Number of protein chains: 2
Amino acid sequence: MVEKLRGSGCRLTPQRLGLLRLLSETDSHPSARQLHEELRLHFPTTSLATVYKTLKVLKDLGEVTEMGFSDDDNRYDAARPHPHPHLICVQCRKIIDADAEPASELARQLAATSGWRILSHRMEFYGLCPDCQGKDGSNLLSPEDQPNT
Amino acid sequence: MVEKLRGSGCRLTPQRLGLLRLLSETDSHPSARQLHEELRLHFPTTSLATVYKTLKVLKDLGEVTEMGFSDDDNRYDAARPHPHPHLICVQCRKIIDADAEPASELARQLAATSGWRILSHRMEFYGLCPDCQGKDGSNLLSPEDQPNT
DNA sequence: ATAGATGCAAATATTTTGCCGCCTG
DNA sequence: CAGGCGGCAAAATATTTGCATCTAT
């Protein structure tokens, strides 16, 4: 990832190295704000704007994936080689990775039959993670707790 | 859809009826702004706030699906009975529906093996629609035109 | 008659941009 | 030493909310 940045004429500043480290070490799909807060622990003067700017660079290089939601801020994922599905807990908003195989297979299928040229995809499953199942007695979600996309 | 609204103690104002009509007649997955503009053709005084408010009601009733993106405004889809995949053109931003079967099958599979309780899902394939393929000679997308999620 | 809706404007929240001084390469 | 970068603050965008007025039931 460092090589890719250097290769496209970008500079490796401490802030950028710190952000790269955060992205590569975590699998929690953090938001820009979360990244900023963690980054400040090591580089207290880092600004949120820099985080956004660097994320944009990485996004354009294809090194991170940006996921937008309707009512949350964007979340970022160090781009594993290929797009992969996510499991998203509608209660604690945890996001974990799932197996990529079936998804890619589906994409190939669609590409073959739809007349579209498929370049990428996004696949998310909303539900309750094992930790949150049974935390509150109710099996029903109120309308406001509907998964939101 | 009208019945569902009335059934939950909501009033059927002209603005709401107009919005319901738009949502049920179109399959273009419009944004709030687009809905507002079209609505003004028939009810010139309709405000954007009302559109948002009504969309929120419908969302909570499960009658429309809201799709969030990282750099576009949200798009709305009159909820066909079940979630279904979308094909999204990264050039003209057209969104069309795809076959739901394989997606639901995948969801069932995951629910069975992951330990999560899956409630819903979102599945999108980014690429070039038939109209946009070959419109410009390039087969390569520049980084800025990467599909964005 | 009255609870709930509308419309306007102000408030929020997130992300982007402009500018200037600083530092990497 | 030059051009990119970081930080700050202002701008831009999308959505939500407060409130006074109006209206569907």
Side-chain angles (χ1 to χ4, degrees), chain A residues 2-20 22 29-40 42-61 64-76 93 143-144 148-149, chain B residues 2-20 22 29-37 39-40 42-61 64-76 93 143-144 146 148-149:
Chain A
V2 169
E3 298 140 24
K4 197 118 176 202
L5 261 187
R6 168 173 289 138
S8 43
C10 292
R11 290 189 193 159
L12 296 176
T13 61
Q15 293 90 334
R16 284 189 175 173
L17 287 172
L19 187 59
L20 290 183
L22 272 184
H29 310 79
S31 67
R33 181 171 302 274
Q34 289 168 334
L35 286 167
H36 178 229
E37 277 165 15
E38 288 202 47
L39 208 42
R40 286 179 83 98
H42 302 283
F43 304 92
T45 76
T46 308
S47 78
L48 190 52
T50 296
V51 173
Y52 275 112
K53 284 171 184 166
T54 302
L55 284 173
K56 178 159 179 23
V57 170
L58 292 169
K59 198 172 42 165
D60 289 348
L61 287 173
V64 303
T65 302
E66 186 182 51
M67 294 185 280
F69 297 93
S70 59
D71 65 356
D72 256 327
D73 37 13
N74 296 339
R75 306 280 289 256
Y76 297 87
R93 303 219 62 95
E144 300 76 36
N148 72 292
T149 52
Chain B
V2 168
E3 299 140 23
K4 197 118 177 201
L5 262 188
R6 168 173 288 140
S8 44
C10 293
R11 289 190 193 159
L12 296 175
T13 61
Q15 294 91 333
R16 286 189 173 173
L17 288 171
L19 186 59
L20 291 183
L22 273 184
H29 310 80
S31 67
R33 182 172 300 274
Q34 288 169 334
L35 286 167
H36 178 228
E37 278 165 15
L39 207 44
R40 287 179 84 97
H42 301 284
F43 303 93
T45 76
T46 308
S47 76
L48 189 51
T50 295
V51 173
Y52 276 112
K53 284 170 185 168
T54 302
L55 283 172
K56 176 158 179 24
V57 170
L58 292 170
K59 199 172 39 166
D60 289 347
L61 286 173
V64 304
T65 302
E66 186 182 52
M67 294 183 280
F69 298 93
S70 59
D71 66 355
D72 255 328
D73 37 12
N74 296 339
R75 308 279 290 258
Y76 297 87
R93 303 218 62 94
E144 299 77 35
Q146 288 282 320
N148 73 293
T149 51

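In the text below, chain A, chain B and the rest are named by the order of the sequence lines, each starting its count at 1. None of these values were measured; they are calculated from a predicted model.
- Considering every non-hydrogen atom in both T54(B) and L19(B), the closest pair reads CG2-CD2, 3.5 Å.
- Checked by atom type, the side-chain pair T50(B)/Q15(B) shows no donor-acceptor distance below 3.5 Å.
- Shown for residues 44-53 of chain B: residues whose heavy atoms fall under 4.0 angstrom of DNA chain C, namely T45(B), T46(B), S47(B), A49(B), T50(B), K53(B).
- For the pair D73(A) and R33(A), the tightest heavy-atom approach, listed with the atom from each and the gap, is OD2-CB, 4.4 Å.
- Of all the residues in residues 67-76 of chain A, not one reaches under 4.0 Å from DNA chain D with any non-hydrogen atom.
- Checking the phosphate oxygens (OP1, OP2) of dC23(C), no side-chain nitrogen or oxygen of Q15(A) falls inside 4.0 Å.
- In this structure, K59(A) NZ and T65(A) OG1 are separated by 11.0 Å, a value rounded to the nearest 0.5 Å.
- L19(A) places its CG atom 12 Å from the P atom of dG7(D), with the value rounded to the nearest Å.
- Rounded to an integer number of Å, the gap from R16(B) CZ to dG7(C) P is 11 Å.
- Closest non-hydrogen pair, F43(B) versus T46(B), comes out as O-OG1, 2.8 Å.
- The shortest distance between side-chain heavy atoms of L55(A) and N74(A) does not fall below 4.5 Å.
- Other residues, nucleotides and ligands place more than 12 heavy atoms under 6.0 Å from the CZ atom of R93(B).
- Nearest approach of E66(A) to S70(B), heavy atoms of both residues: OE1-OG, 2.9 Å.
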For nucleotides 22-24 of chain D, tabulate all protein N/O to nucleotide N/O atom pairs closer than 3.5 Å, reporting atom names and distance.
residue: dT23(D); atom: O2; partner: R11(B); partner atom: NH1; Å: 3.1

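- Between L39(A) and G18(A), the shortest heavy-atom contact is CD1-C, 3.6 Å.
- Between the CG atom of L17(B) and the C1' atom of dT6(C) there is a distance of 14 Å, given to the nearest Å.
- The NZ-C1' distance, from K59(A) to dT16(C), rounds to 10 Å in whole Å.
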Does R16(B) form a side chain to side chain contact (heavy atoms under 4.5 Å, CB included) with C10(B)? I'd like the steps, not just the answer. CA-CA 10 Å; R16(B) 286 189 173 173; C10(B) 293; 3.6 Å; yes
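- Residue order along DNA chain D, read from the 5' end via each residue's closest nucleotide, puts V57(A) first among R40(A) and V57(A).
- Toward the 5′ end of DNA chain D lies the nearest nucleotide of E66(B), the other residue of the pair E66(B) and R6(B) mapping further downstream.
- One can place CD of Q34(A) at 11 Å from P of dT15(C), the figure rounded to the nearest angstrom.
- Rounded to whole Å, atom P of dA5(C) lies 13 Å from atom CG of L20(B).
- Judged by distance alone, the side chain of R6(A) and the main-chain N or O of L12(A) form no donor-acceptor pair under 3.5 Å.
- Between L55(A) atom CG and dC5(D) atom P there is a gap of 14 Å when expressed in whole angstrom units.
- Across the protein-nucleic acid pair, K56(B) atom NZ and dA14(D) atom C1' stand 16 Å apart, rounded to whole Å.
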